[in-house]
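Chain letters run A, B, ... following the sequence lines, proteins first, then strands; residues in each count from 1. Here the structure is a predicted model, which is why all the values come from computation and not from measurement.
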Amino acid sequence: DVKVTQSSRYLVKRTGEKVFLECVQDMDHENMFWYRQDPGLGLRLIYFSYDVKMKEKGDIPEGYSVSREKKERFSLILESASTNQTSMYLCASDRGPEAFFGQGTRLTVV
Amino acid sequence: QQPVQSPQAVILREGEDAVINCSSSKALYSVHWYRQKHGEAPVFLMILLKGGEQKGHEKISASFNEKKQQSSLYLTASQLSYSGTYFCGTGGRYSGNTPLVFGKGTRLSVIA
């Protein structure tokens, strides 16, 4: 059974903290993605990666960075968390036409 | 740029039909459809490719009009299990391996 695992389902962080969201896939997929999901705005692409060490900005990269040191792991980093980054974060990886999503991390920044 | 979906929300009774539309201002080479049930991850429904080929595994149909840059998802004889938010996506491996970009979603509620 294919799996994309996000390290936390819920996180509460303080403004200004550095936050790491981890995502691991066990399918040997080359492509991995980070999306942010907000009510009424759908899924918005933050960053993506097509290979180890490679990263590309999506539509809303401001305030975020990513790291991909190993093929199976793609991390999203909030350098200095702000309240407007409170959201649901979804990681995905794809093979052929189908993308597989993790369960999401609901991040609250207070 | 996000594809545009309509309607934003729809409520159906069991057995009724619904159509969800997706349009893009850019040329489309493939359209992807996903469904997200409440509290769960989005799940792939199907992909429609330029030229008419369709890959999917659900008993839900869709059309793809390349000239109009539109796709429609058809849910017939809806069941309670069809409830959820439906997203269309553009890009992906069949579109020059560009990243998958999703619309804002259509919330479908099926009631008994």
Where B/A41 and A/G102 come nearest, the two heavy atoms and their spacing
CB-O, 3.1 Å
Quick one, A/F100 and B/V43 - any side-chain contact, counting heavy atoms below 4.5 Å?
no
Does atom NZ (B/K26) have a neighbourhood of more than 12 heavy atoms from anything else shown, all under 6.0 Å?
no
Rounded distance (nearest 0.5 Å) linking atom OG1 of B/T98 with atom CZ of A/F48
8.0 Å
For the candidates B/P42, B/G105, B/G103, B/G89, which exhibits the highest count of non-hydrogen atom pairs separated by less than 4.5 Å from chain A?
B/P42
Give a yes or no on whether the backbone of A/R44 and the side-chain of B/Q2 come within a donor-acceptor separation of less than 3.5 Å.
no
Verify the ring-centre separation between A/F101 and B/F44: is it less than 6.0 angstrom?
no
Please determine whether side chain to side chain contact (heavy atoms under 4.5 Å, CB included) holds for the pair B/V101 and A/D59, giving the CA-CA distance in whole Å, both sets of side-chain angles, and the decisive distance to 0.1 Å.
CA-CA 9 Å; B/V101 177; A/D59 295 324; 4.0 Å; yes
Just checking A/K55: does its NZ atom have more than 12 heavy atoms from other residues, nucleotides or ligands closer to it than 6.0 angstrom?
no
Hey, is CD1 on B/I11 packed in by over 12 heavy atoms from elsewhere, all under 6.0 Å?
no
Between A/A99 and B/Y34, which heavy-atom pair has the shortest distance, and what is it?
N-OH, 2.7 Å
Approximate separation, where rounding is to 0.5 Å, of A/Y35 OH and B/L100 CG:
4.5 Å
Within-4.5 Å side-chain heavy-atom neighbours: B/Q36 and A/L90:
yes
Within one Ile-Leu-Val-Met-Phe-Trp-Tyr cluster: A/F20 and A/V4, side-chain cutoff 4.5 Å:
no
At a heavy-atom separation under 4.5 Å, does A/L45 approach chain B through its side chain, its backbone, both, or neither?
side chain
Go through the atoms of B/Q8 and report whether side chain, backbone, both or neither lie under 4.5 Å from a heavy atom of chain A.
neither
Does the side chain of B/F102 come within less than 4.5 Å of A/Q37's, by heavy atoms?
no
